[in-house]
Amino acid sequence: MLQAYDDALSRTRTLLGHNLEPTPWHPFPHDKGRPPPRAALRCASYLSCLPPLSQPKPAAAAAANASRPRQCPSYFAAIRRDLAPWRRRDGGGGGITRALLESGRHRASMRVTITGGGTRLHVDLYYACVQSRALFTVWSLLQLMRRYPGRVPDVDLMFDCMDRPAINRTEHTGEGAPPPPPLFRYCTTRDHLDIPFPDWSFWGWPETHIEPWTREFRSIKQGSRRVRWPDRVPTAYWKGNPDVASPLRLALLACNDTNLWRAEIMRQNWEEEAKSGYQNSKLSSQCTHRYKIYAEGFAWSVSLKYILSCGSMALLIDPLYQDFFSRGLEPRVNHWPVSTVGMCESIRDAVEWGNAHPEDAERVGKRGQRLMQELGMDTVYDYMLHLLTEYAALLDFRPGPPHSSQEVCAGSVLCLADDRQRRFLEASAAYPATAGPCSMPPSDG
């Protein structure tokens, strides 16, 4: 009996990576383990989420306001561009077959299906994700279903929770080229066809002690008010981890000279921060400089939204990667572009321009902060809903969970989480919307 129970445990795959190999395309090692027997007993509901007794209906308030929705931000139009490869030439749907979807499995960490009119979620796990990314990503979908009951479409999608895009545009362009498999992840580039989706940290990043987005933005904005713009240090500031296979960040270390390059570059040691209880890495205490630098790491970085939130003029070093909201960035309007060619000189020139035009520089910083203020969780959930709705229209088959998948619900996710993860998950729980989603903007072409 005990042997059979132990064997069952050894075959149980979880969102935390138990009994899953790390993704072979991610160069950084990460731990995988085996759930202790007591965890399996406690989380029996992980394999037996009870289906709802009836399909929920949209809230009455949402239905009443459906005729007068607010306008979505302009970058929502990029959803249609992201999904264009699977739209027929006549503008219709049906471009995603089951075979095409499954052809993306070799680059996916998991497959997610939502069925029952947005009431049931299944996950087929392939590889372990770094830290708790998979747990928080699935939680985000469960919260979307809770926020818009009865409105989330049935979908079947492949998701990779690692950083770099994988679907190269050139391999799927031109006569005779195979159609690209649809693959969701946190970012894309102009040269890739991966579909960007809001990243896990909007619901919290417990490993780095960063709170869910609503709380973290509020804290950073309050911190930004402690030092008035004229009183802020008139140099550029960056603090982060350069040891993430990022030539850009390593090159940035050479700009650490406030006299020569007007920049202060700080190395972040997360292991030491964890030991000290993250006392020296609070984002709300890092709004003391007039200029803050954003430098991509191994790929895109979640730090972009926190840097923009300070109200300092954000200096973006030639970003290659795009997440879902960064398409709303406008050079010299809500951030300042910095070139990788002559990078230190470019940083110095931006700082000297800002110090010579302090009112203009302050306005750039405030517009960046306003962009993040408008990026509330209402906007994040609306983006998710519109993206999945438009994606669902491109499926030419009826979504259904694979036999190897596991049903997941809020209770099973909370059960798997440790105490810190559970606190972040509970703090980011959604409530049913009292109004309908925003109205999609016109196509951006």
State whether Trp336 and Arg332 meet the cation-pi test: NZ (Lys) or CZ (Arg) under 6.0 Å from the six-membered ring centroid, and within 45° of the perpendicular axis.
yes

For the residue pair Lys239 and Gln286, confirm or rule out a side-chain donor-acceptor distance under 3.5 Å.
no

For Ser219 and Glu211, which I'm curious about, is there any donor-acceptor pair between the side chains at under 3.5 Å?
no

Taking the side chain as C-beta and beyond, is there a heavy-atom pair between [X] and [Y] under 4.5 Å?
X	Y	result
Thr137	Phe184	no
Arg151	Pro437	yes
Glu345	Arg348	yes
Met372	Ile220	no
Val380	Leu375	yes
Asp156	Arg111	yes

Does the distance from a Lys or Arg side-chain N to an Asp or Glu carboxylate O, for Asp378 and Arg147, drop under 4.0 Å?
yes

Got a salt bridge between Asp124 and Arg13, using NZ or NE/NH1/NH2 to carboxylate O under 4.0 Å?
yes

Not counting sequence neighbours, which residues clear ring pair (Phe, Tyr, Trp, His ring centres under 6.0 Å) with Tyr186? List them please.
Phe159, Trp200, Trp300

Going by ring pair (Phe, Tyr, Trp, His ring centres under 6.0 Å), name the residues that satisfy it together with Phe325, two or more places apart in sequence or in a different chain.
none

Worked verdict on Lys305 versus Asp323 for side chain to side chain contact (heavy atoms under 4.5 Å, CB included)
CA-CA 10 Å; Lys305 57 182 175 289; Asp323 61 17; over 6 Å; no

